[in-house]
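Contents: one structure, followed by commentary.
Each ligand, and each atom within it, is numbered from 1 in the order the structure gives.
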Amino acid sequence: MGGIEFDANQLQRVQTAYDLMAEEYDILDHRINPFYVNGYKVLGYFVQKLSPHWRGRTVLDVGCGSGLQTVQFAPQAKHVLAIDISRALMRKVQDKLKAQGLTNVTLLQGNATQLPLQDCSVDFVSSYGDVIGHIQNYEQAIAEMARVCRHGGTVTLEYDNKWHLGLLYQFRELRNAITTRRRGDLRRWTYEYLNHDSKVNLTYKTFTFPEMQSLLNRHGLTVTQRAGTHILSSLIPDKIQDPPKERLPLKSYQVWFLQTIAQCDFHLKRLFPFYTFGYSAIVVARKE
Ligand SMILES: C[S@@+](CC[C@H](N)C(=O)[O-])C[C@H]1O[C@@H](n2cnc3c(N)ncnc32)[C@H](O)[C@@H]1O
């Protein structure tokens, strides 16, 4: 796919990268990280909008990270199961649960492709934050989410979208996208750590909507809702909205500008055709 491959030791690389990110994962400040703050606003909206499907029920949070969605589910869910490959991030979830006095969460350290749960044992599966694109065997992860979800239950995912407006000036990515036909391509994400002097390169998979839809359909899941995040803001270069350390913190006029565009994106998130060009996409599916 466009010359980029998953790393031979993809799982290990992802685990190490996120372990090292744990201490700085929750620096969700507009002056430091507007891209993530704006993205989490849309995810928070969806968690709340979907609450009739998970309130009082059993929720599975796949790739829970530091627990940003886990702690939104826990106060109103019956039981939350949260799984992640990163032990260091799981410790962050534990700290949040303790601080908030939440006792109905079970933490499972492990791989999304092998969920240690019974068939049809949960009501609602959430996997937000582009977890699926990090996983080489992404179809197995979707198969597992579908397996553990009960019939009539809900699976919701956020994934990186193959076609987003930022490709208009990212010529190498555009070329890879065009030459990879009928499915998402593989891209490289470089993360620069804030707390130490290093960077990590991770390979991730993007998806087209028809590709994601047919993956879900193959495992008995039918898409009922779609949305997009970072729609107009994907036109803004990364060095401005996810800036390198030497440009931090952002100036207040830069924050104002990014927040204004993000506000437009928030209004466009469920509007066709805008959501089809978001940097990320959210799908909600029903298990038949
Ligand atoms: C961008 S973070 C999203 C975390 C969280 N849901 C959020 O929105 O902040 C992606 C997460 O996926 C986890 N992850 C990646 N591959 C995984 C796998 N195979 N099994 C379980 N978790 C995985 C990473 O450790 C990381 O915590």
**Asked** Under 3.5 Å, is there a donor-acceptor pair linking the side chains of Glu139 and His219?
**Response** yes
**Item:** N or O contact, Leu89 vs ligand 1, cut-off under 3.5 Å
**Value:** no
**Asked** Using heavy atoms and a threshold below 4.0 Å, how should the contact between Ser66 and ligand 1 be classified: side chain, backbone, both, or neither?
**Response** neither
**Item:** NZ/NE/NH1/NH2 to OD/OE distance under 4.0 Å, Asp19 and Arg91
**Value:** no
**Request:** Have a look at ligand 1 and work out which part of Leu11, if any, has a heavy atom under 4.0 Å from it: side chain, backbone, both or neither.
**Result:** side chain
**Item:** Asn111 and ligand 1 - part of the residue with a heavy-atom distance under 4.0 Å
**Value:** both
**Asked** Do any N/O atoms on Tyr40 end up under 3.5 angstrom from N/O atoms on ligand 1?
**Response** yes
**Item:** Side chains of Asp84 and Ser86, donor plus acceptor under 3.5 Å
**Value:** no
**Message:** With a 4.0 Å cut-off on heavy atoms, is Asp84 in contact with ligand 1?
**Reply:** yes
**Asked** Distance only, no hydrogens: is a donor on one side chain within 3.5 Å (strictly under) of an acceptor on the other, for Asp265 and Ser233?
**Response** yes
**Request:** Please state which part of Ile135 comes within less than 4.0 Å of ligand 1, counting heavy atoms only: side chain, backbone, both or neither.
**Result:** side chain
**Prompt:** In Å, rounded to the nearest 0.5 Å, how long is the span from CD of Gln241 to CZ of Phe257?
**Reply:** 9.5 Å
